[in-house]
Amino acid sequence: MAGGKSSQLFFILLLAIIVSSGPAVAGKPTKITRLQFYMHDIHSGRTPTAVRVAPSRPLNFSGDNPMAAMFGSIYVADNKLTSSPDINSTLVGRAQGIYAVASLGWEMSLHMMLTYTFKQFNDSSFSVIGRNPVMSPVREFPISGGTGVFRLARGYCFAQTNSTSGMDAVVGYNVTLFHY
Ligand SMILES: *[C@@H]1O[C@H](CO)[C@@H](O)[C@H](O)[C@H]1NC(C)=O
Ligand SMILES: *[C@@H]1O[C@H](CO)[C@@H](O)[C@H](O)[C@H]1NC(C)=O
Ligand SMILES: *[C@@H]1O[C@H](CO)[C@@H](O)[C@H](O)[C@H]1NC(C)=O
Ligand SMILES: *[C@@H]1O[C@H](CO)[C@@H](O)[C@H](O)[C@H]1NC(C)=O
Ligand SMILES: *[C@@H]1O[C@H](CO)[C@@H](O)[C@H](O)[C@H]1NC(C)=O
C-alpha cells in the first residue's frame with residue numbers, strides 16, 4: 001500500500017517536471033520562412049554526391065515488374081543545394097542523409113530521410129522524412145523539425161524535377177517553414 005502511494009507521488013512529481021520543462025516557447029510559431037533552391041543528386045562522374053550503399057548489385061525479384069529490381073536499394077547523399085538549376089550557381093547549402101527505394105509497385109517511390117543545412121542561416125537545418133514518388137511532377141514532403149533558426153520548425157516542401165541525365169537529377173524545392 002505504502003509502495004503504491006509513493007509510486008503515485010513519484011508519478012505526480014514526474015508529471016510536474018514534464019509539464020514545467022516543456023519547450024521554452026509557447027503558442028503558435030510566429031515566423032514563416034520560405035526557401036527556394038535546387039538540389040543536385042549526382043551519381044555519375046568522378047565526384048558523385050549520392051552513392052548506392054546497398055545492395056551491391058540489383059536484387060532478383062522474378063515478378064513481372066522490372067522496377068522491383070530496385071526495391072531495397074539504399075543511397076547515402078551529400079548533395080549540393082544551389083540558387084539556380086546550374087550546379088555552378090551560388091552554393092546555398094547541402095542535403096545530407098539517406099534515401100531508399102521503398103516501392104514494389106509500378107510507381108517508383110523513395111523514402112527520404114534527409115537534413116537540409118543552409119550557410120546563410122548559420123548552418124541551421126531542417127529535416128524531411130517522407131515518401132517521394134519520383135515520377136510525379138510535384139512531390140510534397142513534410143518537415144519534421146529543425147535546428148538553430150529553424151528550431152521546433154514545422155512545414156512542408158514541394159519538389160519538382162528540373163532535369164535528369166541518367167541517374168543524375170536536379171530537383172527544384174519550394175519550402176515553407178513555420179518557426180519561432
Ligand atoms: C532470377 O531469378 C529467376 C527465378 O528465380 C532465375 O531463373 C534467374 O536466372 C535469376 N536471374 C539472375 C540474374 O540471377
Ligand atoms: C561547372 O564547373 C565545372 C568546373 O569549373 C565545369 O567542369 C562544369 O562543366 C560546369 N558545369 C556547368 C553545368 O556549367
Ligand atoms: C549568425 O551568427 C552570427 C554570429 O553569431 C550572428 O551575428 C547572426 O545574426 C546569425 N545569423 C542568423 C541568421 O542567425
Ligand atoms: C515554386 O515557386 C515558384 C515561384 O513561386 C513557382 O513558379 C513554382 O511553380 C513553384 N514550384 C513548386 C514545385 O511548387
Ligand atoms: C527549371 O528551373 C528553371 C529556373 O527556375 C525554370 O525556369 C524552368 O522552367 C525549370 N524547368 C522545369 C522543367 O521545371
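Counting convention: from 1, in listed order, for ligands and their atoms alike.
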Do His179 and Phe126 have ring centroids that are under 6.0 Å from one another?
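No, they do not, as the ring centres are separated by 6.0 Å or more.
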Go through ligand 5 atom by atom and flag the ones less than 4.0 Å from a non-hydrogen atom of Tyr38.
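Contacts of ligand 5 toward Tyr38, numbered from 1: 2 (O), 4 (C), 5 (O).
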Heavy atoms, side chains only, cut-off 4.5 Å: are Arg139 and Phe141 in contact?
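Yes, their side chains come closer than 4.5 Å.
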Report all N/O contacts between ligand 4 and the protein shorter than 3.5 Å as a table of atom names and distances to 0.1 Å; if there are none, say 'none'.
| from | atom 1 | to | atom 2 | distance (Å) |
| --- | --- | --- | --- | --- |
| ligand 4 | 2 (O) | Asn174 | OD1 | 3.4 |
| ligand 4 | 2 (O) | Asn174 | ND2 | 2.2 |
| ligand 4 | 11 (N) | Asn174 | ND2 | 3.0 |
| ligand 4 | 14 (O) | Asn174 | ND2 | 3.1 |

Should the pair Glu107-Arg131 be classified as a salt bridge under the 4.0 Å nitrogen-to-oxygen rule?
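Judged by the 4.0 Å cut-off on N to carboxylate O distance, Glu107 and Arg131 do form a salt bridge.
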Separation between CG of Leu110 and CE of Met70, rounded to the nearest 0.5 Å:
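Output value for this atom pair is 8.0 Å.
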Kindly compute the distance separating CD1 (Ile42) from OG1 (Thr49), expressed to the nearest 0.5 Å.
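Reported to 0.5 Å precision, the distance equals 5.5 Å.
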Indicate if Tyr99 and Val138 have the same hydrophobic cluster label, given that clusters are the connected sets of ILVMFWY residues with side-chain heavy-atom separations under 4.5 angstrom.
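Each belongs to a different hydrophobic cluster.
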